[in-house]
Amino acid sequence: MNTALRIGGYTLGLLAVFGGALGIGAAVTPTATSAATSSPTPGDHTDMAAMTAAPAAGAATLPGGLMVSQDGYTLRLADRAVPAGPQTPLRFQILGPDGAPVIEYQTEHDKDLHLIAVRRDLSHFQHVHPALDAEGTWSVPLDLTTAGEYRVFADFTPTGHDGLILGADLAVPGPYEPVALPEPAAIAQVVDGYQVTLAGDLVPGQASELTLTVSKNGVPVTDLQPYLAAYGHLVALRAGDLAYLHVHPAGEPGDGVTPAGPGITFYATAPSAGDYRLFLDFRHAGVVRTAEFTLHAGDTVGAPTSPVTTTPGTGPAADTPTTGAGHDDAETVGHGH
Ligand SMILES: [Cu+2]
């Protein structure tokens, strides 16, 4: 493919992304292309991908988790509101294009479906794995001790389809005080002497390398245990609308090159500048713990200043320690409920 065609094809893809149904060719210039993105390197597949993916590019570039229904699949919660409590059952179905509950899933990261629940102020994060019954209804208990507006995300791959992340609101009636988003910080203190340090910049619009380094009592942890087919599982949500970022780990346990710590590397794509909340689940000594960070996309993570606590630091009203909160693993650290 010559350069002109390459640029043309690439521009076409961008137009599909940015212009939606606008007529193609109206105001296309190569300059606009190069200004809008980094230029494709010779020989890569960016141009072809842009062309072939053009019809679906608009949908593909929308961040996950913002919609309750996408590509014919719908997340249907059994209840829009559930009572507060430490073990409140959540029941839901994934409805397929034919309107029937989906029963066949493709396993990703060791599970057929990952469920993330978080209060809309980005506190009270939980990552659990519901059970599926024969009728296609998923169920899992959630720790909804604290009232508020929650967002529930189902992260799954229907057999024969690309992965989807659908989101739905869940109300937990009762009085509550929203907590402010903690300031960006490069260090998260986790209970039991664990500390996690974040290095890397979240650059809007591109896969950004983030490395989270785990230590315990000041000693680097080099024997992390696989959790969900990785040495860590990272969820990143945009403050403001809880857009769910695409994140994938660099390497996996047993591939011969990925170390079991202390560093865990991910690639995360932030859809825009702004603030994001990151939740790292990692497993060590048989226990899954979570470290939380606020990261501002577009800026550099500064030198460590004052250590910032995770959930407990979000305010005196926060009653749930970050660590161990919300995992369904029996071995997870308990904390008073
Ligand atoms: Cu999961």
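Only a predicted model underlies this, so the values are computations on that prediction, with no experimental measurement involved. Remember, it's 1-based here, ligands and their atoms both numbered in the order they're listed. Every heavy atom of this structure was used, including side-chain atoms; hydrogens, water molecules and symmetry mates were not.
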Under 2.8 Å from the Cu ion (ligand 1) - protein N/O/S, by chain and number: H114 ND1, H127 NE2, H129 NE2

Set of salt bridge (Lys or Arg N to Asp or Glu O under 4.0 Å) partners for D169, sequence neighbours left out: R120, R151

What do you reckon, are the aromatic ring centroids of W138 and Y105 less than 6.0 Å apart? yes

Checking side-chain polar atoms at under 3.5 Å, does H284 have a donor or acceptor matched by the opposite partner on Y194? yes

If a pair satisfies salt bridge (Lys or Arg N to Asp or Glu O under 4.0 Å) and one of its residues is in residues 228-251, list it, with sequence neighbours excluded. R238-D241

With sequence neighbours excluded, give me every salt bridge (Lys or Arg N to Asp or Glu O under 4.0 Å) pair touching residues 80-105. none

Over 60° means perpendicular and under 30° means parallel, so classify the ring planes of H127 and F125, tilted if in between. perpendicular

